[in-house]
Visitor: 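Sending over a structure as structure tokens; questions will come in a sec.
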2 protein chains.
Amino acid sequence: MVTIKDVARHAGVSVTTVSRVLNNSQHPISPETRERVLAAIKELGFYPNAMARSLQLNETKTIGLILPDIANPYYPGIVRGVEDVAHEKGYTVILCNTDRSRERTKEYLRVLREKRVDGVIFTGGGAVEDASREHFFEQGSVATVVIGRHKADLPAVQVDNVRAAREAVEHLLRLGHRRIATVTGPAVSTTARDRLEGYRRAMEAEGVDIEPGWIIEGDFEFNSGYQAVAQMPLSGNQRITAIFAHNDLMAIGAIKALYERGIKVPEEVAVVGFDNIPLASFVTPALSTVAVPVYDLGVTAMRVLAELLAGRKVPPVTTLATHLEVRESSILK
Amino acid sequence: MVTIKDVARHAGVSVTTVSRVLNNSQHPISPETRERVLAAIKELGFYPNAMARSLQLNETKTIGLILPDIANPYYPGIVRGVEDVAHEKGYTVILCNTDRSRERTKEYLRVLREKRVDGVIFTGGGAVEDASREHFFEQGSVATVVIGRHKADLPAVQVDNVRAAREAVEHLLRLGHRRIATVTGPAVSTTARDRLEGYRRAMEAEGVDIEPGWIIEGDFEFNSGYQAVAQMPLSGNQRITAIFAHNDLMAIGAIKALYERGIKVPEEVAVVGFDNIPLASFVTPALSTVAVPVYDLGVTAMRVLAELLAGRKVPPVTTLATHLEVRESSILK
DNA sequence: TATGTTATGGTAAACGTTTTCTTTTTGTTC
DNA sequence: GAACAAAAAGAAAACGTTTACCATAACATA
């Protein structure tokens, strides 16, 4: 590998001078010298060693992005948002899939720490956060931003799940539905709790009593939505006429189950999901859903992190707006 | 930040000794000394500085993963595969989205080079490869593995697109279809060319003449599949009875268009896609498709790269098997 | 002439590790 | 008790940068 020394020798100057032209330093350099250095750099194919540089400057221009699983369709949008802004600001992103495993999370935190990343963006909540707090923040801090709900005392970027869920259910109520079931996320998920709360508030505001069979716990996976349908009253005059699922995957599972039972969506049962994963617009009928601005969540998180790294104050919480994307599954053409 | 010196002082030994226990060196260390060092490390919360280490050792245990767009549902599976193996082998992954832009690709290659990544995995072909060859490999090499077809002289991990496409079409022929249309990828894509070739060979082997209107060029996006349907003969006895799309997104677009025209899938028109993105099993009817083992592509690519980095010989091409995932869109229950 | 000042450039320490080479300590053998 | 070997530990150079500080030359100023 060619080093700054080689360049210096080749250009007939000191390494100091090479370093100066490399970094556009304040220090005056004569045009001829600069030219010679630039020529030497080109000629030798010199690429400064970022590690030596980082060692000296104590910054790596690298951040860690920790999430449960990139293969979950909710996350790629976030990642892309983070990455775009990171790239624009000269940062590089290390991707860490934790599968929500505490072990693996800690493992990654150790590596990120050893690699001296300048900052970290977390998403995926829960156990991950605990591990992080313990491990990362308590022993010397690394700038960190969290996407989503969290208990830690860290800057967060999130959406208002209670409100968004409420709006989704209000939409169904406005269409005349009263008997509305909901497929929730796992009870431990704060996100799921918020979405359930939104459902409750909308129903309550409308004076509709929620019947016991209407709330079915899922796990955010396709299958749990599919299976939830089996537990719902679908015939007789006790039957439900709409389903609000806590995410799109479960909503699509529910649609599939309804389809297989010969129940028409949206004619007999309307369905609304949550997240607006890419898939949502492609299924038939196209899924009405709460659009979570995943890309913007990523973009904003990285922006906040960059502010933090620049030593500026950042808001403790940034809340991004959702909007209801009404498609075919909840409304007749 | 606490350094190895602090640990040494705290444990009353030299940095050499600390380094030795840190790296489980051959050099004998008395149990008591080791204990003292370990205790000091723990007590001070010491995390070795990977950059200083890398500078010395000339390896970063980091690799770059270059792809067009993580938000494209084809890629997360690959990324996950790469990441899993990388993690297992002690590597960290830097994610680079290029949007197939030559500019951005070169930009990233520069950064990866400066950060002295140990290796690179490329996927997404085309322009990217050119940029890479030029920039990366010609001036001092970095271990590299390519996923998919490529022209460069680099170890590759791929599937046999010709064969896989042929099998997909043979499946349709076996079901009795003769008038089979195909929605291709962009003409410049080698992948698309291979898949078209497979279609041709299957038809030819069966003695079916391909009519001009049957081959419609798409661009691998949902919309082009949707729009392709408009150009197909769908009524009269010249009508096609099956569609082979070069990827799932286009296949799903086609299904949507057929649905809107009141044409039943698979009863009136069968559809087969390619890739087996997660979405494929969730749409209605569930999409029959050629299952590309994306996760395994990632896993294998990283394994090959690791071999390369260990200085071992690797096969120039590793071909992974595809299989046809027959679901509802091409066969009646 | 002595003294600054400015423009340009260089020397060498520092960043935090690993590792080669030495040194010290301990133990064994005759 | 001398001689040596083995075990344990340390000193210092090296990795490739950045930068504080210093040096020189040219020129202006009093």
Side-chain angles (χ1 to χ4, degrees), chain A residues 1-38 40-41 44-62 90 110-118 140, chain B residues 1-38 40-41 44-62 90 110-118 140:
Chain A
M1 270 277 108
V2 16
T3 76
I4 198 173
K5 266 188 202 153
D6 301 321
V7 174
R9 198 174 315 124
H10 196 267
V13 299
S14 72
V15 293
T16 306
T17 302
V18 177
S19 176
R20 279 174 182 145
V21 346
L22 229 39
N23 299 294
N24 292 315
S25 112
Q26 302 298 336
H27 200 92
I29 302 274
S30 77
E32 309 87 65
T33 307
R34 177 178 309 265
E35 269 321 303
R36 248 181 320 142
V37 170
L38 256 19
I41 288 174
L44 299 180
F46 168 67
Y47 286 80
N49 184 320
M51 261 156 340
R53 186 159 207 277
S54 295
L55 187 58
Q56 179 60 237
L57 298 184
N58 210 25
E59 69 165 11
T60 53
K61 286 287 177 185
T62 301
R110 191 183 54 70
V111 175
L112 293 180
R113 192 178 253 283
E114 290 190 353
K115 297 213 166 161
R116 298 294 193 264
V117 295
D118 295 337
Chain B
M1 270 275 110
V2 16
T3 76
I4 199 173
K5 267 188 202 154
D6 300 321
V7 175
R9 197 173 317 127
H10 196 266
V13 299
S14 70
V15 293
T16 307
T17 302
V18 177
S19 175
R20 279 172 182 145
V21 345
L22 230 37
N23 300 293
N24 292 314
S25 112
Q26 303 298 337
H27 197 98
I29 301 273
S30 77
E32 308 87 65
T33 307
R34 177 179 309 265
E35 268 321 304
R36 248 182 319 140
V37 171
L38 256 19
I41 288 174
L44 299 180
F46 168 68
Y47 287 81
N49 183 321
M51 262 155 341
R53 185 158 207 278
S54 295
L55 187 58
Q56 178 62 234
L57 264 29
N58 210 25
E59 69 164 13
T60 53
K61 286 289 178 183
T62 301
R110 190 183 54 71
V111 175
L112 292 180
R113 192 179 255 282
E114 290 191 352
K115 297 212 165 160
R116 299 293 193 266
V117 295
D118 295 338

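Every chain is numbered from 1 and lettered A, B, ... according to where its sequence line falls, protein lines coming before strand lines. Predicted model only: the values in this text are computed from it and were never measured.
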Visitor: Identify the 5'-most and 3'-most nucleotides of DNA chain C with at least one atom closer than 4.0 Å to a non-hydrogen atom of chain B.
Guide: C/dG16 to C/dC21
Visitor: Indicate whether OP1 or OP2 belonging to D/dA9 is found under 4.0 Å from a side-chain N or O atom of B/Ser14.
Guide: no
Visitor: Can you check the A/Arg116 CZ to D/dT17 P distance for me, whole Å?
Guide: 20 Å
Visitor: Need to verify one output field. Residue with the more 5' nearest nucleotide on DNA chain D, B/Thr33 or B/Asn58?
Guide: B/Thr33
Visitor: Is A/Ser54 touching bases, backbone alone, or none of the nucleic acid, heavy atoms closer than 4.0 Å?
Guide: nothing
Visitor: Which heavy atom of B/Lys115 sits nearest to which heavy atom of A/Lys61, and what is that distance?
Guide: NZ-O, 2.8 Å
Visitor: Backbone N or O of A/Ala11 within a donor-acceptor pair of the A/Arg36 side chain at under 3.5 Å?
Guide: yes
Visitor: Round to a whole Å and report the spacing from CZ of B/Arg36 to P of D/dA8.
Guide: 13 Å
Visitor: Can you confirm whether the side chains of B/Ser14 and B/Thr17 place a donor and an acceptor under 3.5 Å from each other?
Guide: yes
Visitor: Judged by each residue's nearest nucleotide on DNA chain C, which is more toward the 5′ side, B/Met51 or B/Thr16?
Guide: B/Met51
Visitor: If you find the nucleotide of DNA chain C closest to A/Val15 and the one closest to A/Ala52, which residue's nucleotide is nearer the 5' end?
Guide: A/Val15
Visitor: Does CG belonging to B/Asn23 count more than 12 external heavy atoms closer than 6.0 Å?
Guide: yes
Visitor: Counting only non-hydrogen atoms, which of residues 19-30 of chain B are less than 4.0 Å from DNA chain D?
Guide: B/Arg20, B/His27, B/Pro28, B/Ile29, B/Ser30
Visitor: Please find the pair of heavy atoms, one from B/Thr3 and one from B/Phe46, that lie closest to each other, and give the distance.
Guide: C-CE1, 3.5 Å
Visitor: Which pair of heavy atoms, one from B/Val13 and one from B/Val18, lies closest together, and at what distance?
Guide: CG2-CG2, 3.8 Å
Visitor: Tell me the closest heavy-atom pair linking A/Ile4 and A/Ser19, and the distance in Å.
Guide: CD1-N, 3.8 Å
Visitor: Return the value, rounded to whole Å, for the distance between atom CD1 of B/Ile4 and atom P of D/dA12.
Guide: 17 Å
Visitor: What's the shortest heavy-atom distance between B/Val2 and B/Gly45, and which atoms?
Guide: CG1-O, 3.8 Å
Visitor: Closer to the 5' end of DNA chain D via nearest nucleotide, is it B/Gly12 or A/Leu57?
Guide: B/Gly12
Visitor: At their closest point, which heavy atom of A/Arg116 faces which heavy atom of A/Thr60, and how far apart are they?
Guide: O-OG1, 2.8 Å
Visitor: For B/Thr17, report the nucleic acid contact type (base, sugar-phosphate, nothing); a contact means any heavy atom under 4.0 Å.
Guide: sugar-phosphate
